Structure formats: C-alpha cells, structure tokens
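Report on the structure given below.
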Amino acid sequence: MTSPPATPPEPPGPTEPAGPVPAAGPTEPAGPAPATRTMVLWCPDWPITAALREHALPAETPLVLVDRGEVFASSPAAREDGVKRGLRIREAQARCTALVALPYDPSLDERTFEPVTAAVETILPGVQVLRPGLCAIRVKGPARYYGSERDAAAVVQQTLAAIGLTDVRIGIADGPFAAEQAARATDQLDDDVEQLVVIPPGGSPWFLGSYPLEVLEQPRLAVLLKRLGIRSLGDFAALKASDVRNRFGIEGAIAHRQASGLDHRSVVARTPPPHLDTSADFEPPLARIDQLAFALRARAGEFVDALREAGLVCTALQVSLHTEEGETSARRWQHPRWFDADDVVDRVRWQLQGTNASDHGLTSGITRVHLVPDIVEDLGDHADGLWGTGPDEGIHHGLARVQSMLGHGAVLTAIIAGGRLLADRRVYIPWGDAPAGRSVKMPVKDRNQPWPGRLPGPAPATVFAEPVPAAVVDAHGNPVDVDPRGLLSADPAFFSAGPDDGRRPVHSWAGPWPINERWWDPKGRVLNRFQLVDHSGSAWLLLLEDHAWWLEAGYD
C-alpha cells in the first residue's frame with residue numbers, strides 16, 4: 001500500500017467545512033447515512049512479528065518470509081539493507097549477508113493474532129478481524145464507557161502492552177477505511193510515543209483528500225482515473241456520485257464513497273470461538289506411561305464430551321507433553337474417523353512409547369498434558385450409519401491396537417499420490433495419518449497437479465513392485481529403439497518379459513509416449529511408454545529407458 005502523507009492534515013476548525021458536500025440537484029438521491037465511528041488497531045509488520053515470536057528470535061534480527069522463492073515480508077533490520085518485498089531470495093541474501101529466511105505460513109499469522117484479539121475482547125466487545133494484524137471496533141460504546149475515544153484507545157494500548165505487544169497503532173475516524181488510513185498515518189508522526197490519530201466526526205473527507213489513489217487498492221481504477229487527470233482522493237470525491245456509478249460501476253461507486261469519507265462498510269463483530277482445548281496438570285510428576293494413561297482418561301472423556309456438546313468432532317489432535325525439567329514434546333495426530341476418549345489416551349501413550357529417552361526425547365516426569373483440537377468438523381458429517389459402523393470400528397480398533405504394540409509406522413495403508421510413473425503414485429502412509437502428510441519414505445505428492453506424461457485411465461490392474469526386465473524386437477530379431485526425435489527404429493513384432501519368458505508375438509501396440517523428468521538436471525530421466533497386446537489378448541505397459549526395456553504393469 002502506498003505510504004500516507006508526511007504528516008496527517010489538521011482537522012477542520014469549528015467554522016471550517018468538514019469536506020466537499022455536493023449540492024443535491026432535483027434528481028439527486030438523498031445522501032447516504034453517516035459512517036460509523038470506528039477504531040482500527042494496526043500492528044505493523046505482523047507476519048514478521050508472528051514469526052519472531054514463534055521462533056523466539058530477537059526483534060533486531062534481519063528476517064524475511066519467503067513465498068514461492070520471493071520475499072513476502074521483511075523486518076525493519078532487513079529493510080535497512082535494501083531488502084524489500086518481491087526480491088528473489090538470492091538477491092535479498094546478497095544485499096544482507098546475515099539474513100534469516102523462513103517460509104511464510106499464513107496460518108501462523110492467524111494463530112498468533114488470536115491472543116491479541118482475545119485480549120481486546122476482554123475490554124471492548126464487538127471486534128472484527130479484517131486480517132491478521134488489523135482489526136476494527138465500533139468506538140461509540142467504549143468512548144461513553146471510558147469517557148472519550150482517546151481514553152478508550154489508551155486502555156487498549158495498556159491491555160496489549162500487558163501481553164508484550166507494544167507496537168500497536170490506533171486510528172479513529174468515520175468508517176473502517178478512514179480509520180485504517182489514520183492508524184497507518186502514525187508512522188509519519190514526529191512523536192511516535194502516542195501512536196494514535198483521531199479524526200473528528202465529519203473530518204474524514206478532509207483528512208483523506210490529499211491521499212493518493214493507490215490506497216483504494218484498485219489498481220485498474222487508479223490507472224484509469226489518472227488518465228482522466230484525477231490524482232488524489234479529494235479530486236475523486238469531488239465528482240458526482242451518480243456520474244461515478246454510471247461510468248465505473250458498483251466498484252467505482254464503493255471506492256467513491258470511501259474517498260468521500262462515507263465508508264459503506266459497518267463493523268461486524270465476530271463470534272469468539274469456543275474454548276475447546278484442555279490441559280491436565282500432575283503433581284507429583286508422573287514417570288510411568290500406565291500412570292499417565294490412567295490419570296488422563298477422565299480428562300480425555302471431558303475433552304471429547306465438550307466437543308460433542310458444541311456439535312463437533314476432532315479429526316486432528318495436537319498433543320503437548322511438558323516435563324519437570326522444562327522439556328516439551330509436541331506432535332500432531334490424525335484420525336481416519338474422529339477421536340474418542342480411548343483414542344486420545346492411546347495417542348498420548350504412543351507419543352511416550354519406548355523404554356529409553358531416545359524414543360520420546362524426554363528424560364523426566366510429565367507435569368502437564370495439553371490437548372488442542374487442530375481440526376474439528378461438524379458432528380452431523382460423522383454420524384453413524386443406519387446399521388451402525390461395527391465393521392469399520394472393529395477394523396480401526398484392531399489396527400490401532402497393532403500400531404500401539406509395534407509402533408506408529410508399523411501399520412501402513414496405501415494411497416494414490418501424484419507422479420508420472422505408476423510406482424511413484426503408490427505410496428504407503430501410517431494408518432490414521434492424513435494423505436497430505438508425510439509418508440514413511442517420502443513426501444506425498446499432490447495427485448491434483450498436472451504431471452505431464454502421466455498415464456491416463458483406465459489404470460493397469462497389476463503394477464510390479466520393481467520393473468521387470470523385458471526385450472522387444474522387430475520381425476528380424478533386432479532390438480527396437482527410439483531415436484531422439486521420438487521415431488521407432490522398427491515396428492515391434494515380439495517381446496519377452498524376463499530371461500525365462502518365451503518370445504510372444506505382438507498382436508497390436510501403441511506408443512511411444514515420452515516422459516521427460518527434470519530436463520534441466522543432468523540426472524534427469526528420459527523414458528518412453530508403450531502398450532503392447534500379445535497373441536492371447538493380454539495387454540502390457542512397457543518402458544524404454546537408455547535402450548533398455550522394462551515391464552511396468554499389466555492390464556487384466
């Protein structure tokens with residue numbers, strides 16, 4: 001967003017007009033209702049603040065958050081060395097050799113901003129989160145309760161300072177748009193201690209008049225208005241509302257009302273989420289797994305019952321174990337259906353399973369167990385069937401029992417993943433884990449990606465665990481090959497699978513279909529696929545790589 005003017009303009013005096021008020025002609029509709037007095041709280045560089053808090057980094061760390069190879073956000077220390085948004089990560093590291101690069105996680109922004117919102121809701125009701133790091137509140141009620149708008153803002157700053165958040169900018173104006181610009185104008189104040197800008201009622205049009213068009217965050221509209229000679233929000237607000245709507249449509253009309261200080265939006269208070277997580281504290285600490293499981297069973301039942309009362313079930317659970325030595329073991333567990341009390345206790349036992357510290361990483365007794373429902377779903381979507389879920393439930397409990405005895409990775413289930421070769425698409429993951437997680441051997445690739453060269457359906461019924469060596473020859477017994485241009489040396493006439501397989505006549509064939517994996521890498525692979533049908537009518541899928549034939553799969 002474009003920076004605001006160097007200093008916020010002085011509000012109009014008692015005898016000064018509050019802003020341009022177009023005269024109503026005979027066909028001009030009545031003006032809109034006045035905008036709601038709004039307080040906006042802005043936490044500058046919130047993605048950076050969230051990352052610094054999550055990773056316990058000092059505030060002066062030169063930090064960048066990387067999204068798809070580019071800088072998404074940079075800390076003030078990094079910006080001093082010329083690191084800004086949109087740079088490639090290598091260029092950013094060249095400008096700042098001490099740069100710390102972390103991947104950008106949008107969920108982290110939301111998760112770390114939740115305590116801020118909860119703290120504000122304890123003193124001011126009706127908070128609307130516009131995005132992580134930015135929220136709006138109707139200020140009329142708090143101003144009457146605390147005495148004035150400035151007093152209400154001071155209480156907010158004191159409350160947030162108590163939880164360690166001191167850099168909070170507050171703007172108060174008519175409507176969320178003007179209040180947000182007022183909050184951002186605190187960056188330009190000479191006195192940065194107060195961090196507050198209050199625009200008097202009716203002064204928002206005059207305050208916004210000198211702002212550039214870019215603050216509307218409508219690039220196409222801004223370019224078009226500049227071509228018409230309109231450079232600022234004041235110039236745009238001076239146009240007749242009916243003319244703007246006829247020329248620029250509904251989006252232009254909304255932008256015109258924002259530029260005029262008549263924000264159409266109202267503050268919609270959020271409904272605070274129910275408190276679903278739970279903790280169990282143990283004094284003295286518990287050093288044995290069976291003791292911990294017995295002591296936790298009642299709390300696990302309360303945890304599941306509270307979810308049911310809220311009409312929810314938990315399908316992903318975060319378990320954190322704390323010891324008397326200050327150690328912490330945290331793990332996220334998935335469930336193929338949903339967690340009941342026994343499942344919760346089992347996951348805690350599995351997390352501590354083992355006879356030595358290397359199995360679970362903890363060396364002292366457990367003082368606290370914290371359970372957080374990471375993913376919750378509607379209870380109605382997981383209701384039992386008309387005749388119950390006996391077979392499915394029996395299978396799950398049986399496999400979960402084996403998994404508890406042999407280890408989490410000892411019971412696997414097969415899923416179809418992304419990839420070009422059939423062997424790459426068959427992946428085994430631990431029972432109960434989500435397909436989007438990590439498998440035992442490799443990350444699970446997204447099957448919805450394009451994957452050029454992927455075999456279309458129907459898929460073969462039999463896929464060999466390892467490709468079987470094969471031979472394909474022409475009518476004269478010469479090996480069949482493919483040149484760099486994708487042309488066959490001769491038509492396939494016979495093929496065999498393995499040294500003990502006899503020569504089979506080829507009744508029909510199709511191909512080649514090239515597969516070029518990582519063409520930019522010297523270790524990349526170039527393959528060609530073929531489908532062959534022998535004299536008995538059986539169909540086979542073969543691969544040709546480096547002049548060698550391989551049998552990949554067979555069709556039934």
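Residue numbers start at 1 and run along the sequence shown. Note that the structure is predicted; figures quoted are calculated from it, not measured. Basis for what follows: all heavy atoms, side chains included, without hydrogens, waters or symmetry-related copies.
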Considering all heavy atoms of both residues, which atom of [X] and which atom of [Y] are nearest to each other, and what is their separation?
X: Leu292; Y: Leu286; answer: CA-CD1, 3.8 Å
X: Ala341; Y: Ala300; answer: O-CB, 3.9 Å
X: Gln128; Y: Val268; answer: OE1-N, 2.9 Å
X: Ala310; Y: Leu276; answer: CB-CD2, 4.5 Å
X: Leu52; Y: Pro58; answer: CD2-O, 3.6 Å
X: Trp550; Y: Ala548; answer: CD1-O, 3.6 Å

Spacing of [atom1] belonging to [X] relative to [atom2] belonging to [Y], to within rounding of 0.5 Å:
X: Cys135; Y: Trp42; atom1: SG; atom2: CH2; value: 13.5 Å
X: Arg347; Y: Gln318; atom1: CZ; atom2: CD; value: 14.0 Å
X: Leu221; Y: Glu251; atom1: CG; atom2: CD; value: 8.5 Å
X: Leu422; Y: Leu541; atom1: CG; atom2: CG; value: 6.0 Å
X: Leu317; Y: Asp343; atom1: CG; atom2: CG; value: 10.0 Å
X: Glu110; Y: Thr117; atom1: CD; atom2: OG1; value: 10.5 Å

| request: Would you check if there is a donor-acceptor pair between the side chains of Ser329 and Gln351 at a distance under 3.5 Å? | output: yes

| query | Can a donor-acceptor pair be found between the side chains of Asp534 and His507 at a distance below 3.5 Å? | reply | no

Answer whether the closest heavy-atom distance between the side chains of [X] and [Y] falls below 4.5 Å.
X: His370; Y: Asp277; result: yes
X: Val506; Y: Val533; result: no
X: Leu532; Y: Leu542; result: yes
X: Thr462; Y: Tyr555; result: no
X: Trp333; Y: Val344; result: no
X: Leu352; Y: Ile366; result: yes
X: Leu543; Y: Glu545; result: no
X: Ile289; Y: Arg349; result: yes

| task | Just do the ring pair (Phe, Tyr, Trp, His ring centres under 6.0 Å) check on Phe530 and Trp549 with the steps written out, would you? | result | CA-CA 10 Å; Phe530 288 85; Trp549 287 88; 5.0 Å; yes

| task | Using the salt bridge (charged side-chain N to carboxylate O under 4.0 Å, His left out) rule, take Lys226 and Glu214 through it: C-alpha gap first, then chi angles, then the decisive distance, then the call. | result | CA-CA 11 Å; Lys226 287 183 178 180; Glu214 282 74 16; 2.4 Å; yes

| task | For the pair Gln93 and Val100, evaluate side chain to side chain contact (heavy atoms under 4.5 Å, CB included) and give the outcome as yes or no after the intermediate values. | result | CA-CA 9 Å; Gln93 291 171 336; Val100 177; over 6 Å; no

| Between the main-chain N or O of His322 and the side-chain N or O of Thr367, is there a donor-acceptor pair closer than 3.5 Å? | yes

Donor-acceptor contacts, no H, no angles, side chain residues 63-76, under 3.5 Å, sequence neighbours left out:
from: Ser74; atom 1: OG; to: Val83; atom 2: O; distance (Å): 3.3
from: Ser75; atom 1: OG; to: Thr61; atom 2: O; distance (Å): 3.0
from: Ser75; atom 1: OG; to: Leu63; atom 2: N; distance (Å): 2.9
from: Ser75; atom 1: OG; to: Leu63; atom 2: O; distance (Å): 3.4
from: Ser75; atom 1: OG; to: Ala78; atom 2: N; distance (Å): 3.4

Please determine if [X] and [Y] form a salt bridge, counting it only when a charged side-chain N lies under 4.0 Å from a carboxylate O.
X: Arg297; Y: Asp342; value: yes
X: Asp45; Y: Arg79; value: yes
X: Asp305; Y: Arg308; value: no
X: Glu327; Y: Arg368; value: no
X: Arg529; Y: Glu552; value: yes

| task | Applying side chain to side chain contact (heavy atoms under 4.5 Å, CB included), run through Leu371 and Val369 and close with a yes or a no. | result | CA-CA 7 Å; Leu371 306 175; Val369 177; 4.0 Å; yes

| field | Worked verdict on Cys43 versus Leu165 for side chain to side chain contact (heavy atoms under 4.5 Å, CB included) | value | CA-CA 9 Å; Cys43 302; Leu165 191 63; 3.8 Å; yes

| message | Could you walk me through whether Leu312 and Glu377 satisfy the side chain to side chain contact (heavy atoms under 4.5 Å, CB included) test, starting with their C-alpha distance in whole Å, then the side-chain angles of each, then the deciding distance to 0.1 Å, before giving a yes or no? | response | CA-CA 5 Å; Leu312 302 171; Glu377 300 180 9; over 6 Å; no

Check: residues 483-497 side-chain donor-acceptor pairs under 3.5 Å, at least two apart:
from: Asp483; atom 1: OD1; to: Arg485; atom 2: N; distance (Å): 3.0
from: Asp483; atom 1: OD1; to: Gly486; atom 2: N; distance (Å): 2.9
from: Asp483; atom 1: OD1; to: Leu487; atom 2: N; distance (Å): 2.7
from: Ser489; atom 1: OG; to: Asp481; atom 2: N; distance (Å): 3.0
from: Ser489; atom 1: OG; to: Asp481; atom 2: O; distance (Å): 3.4

| task | Determine whether more than 12 heavy atoms belonging to other residues, nucleotides or ligands lie under 6.0 Å from atom CD of Glu91. | result | yes

| message | Can you tell me how the ring of Trp46 sits relative to the ring of Phe113, calling it parallel under 30°, perpendicular over 60° and tilted otherwise? | response | perpendicular

| task | List in chain and number order the residues that pass side chain to side chain contact (heavy atoms under 4.5 Å, CB included) with Asn478, two or more places apart in sequence or in another chain; answer none if no residue qualifies. | result | Asp474, His476

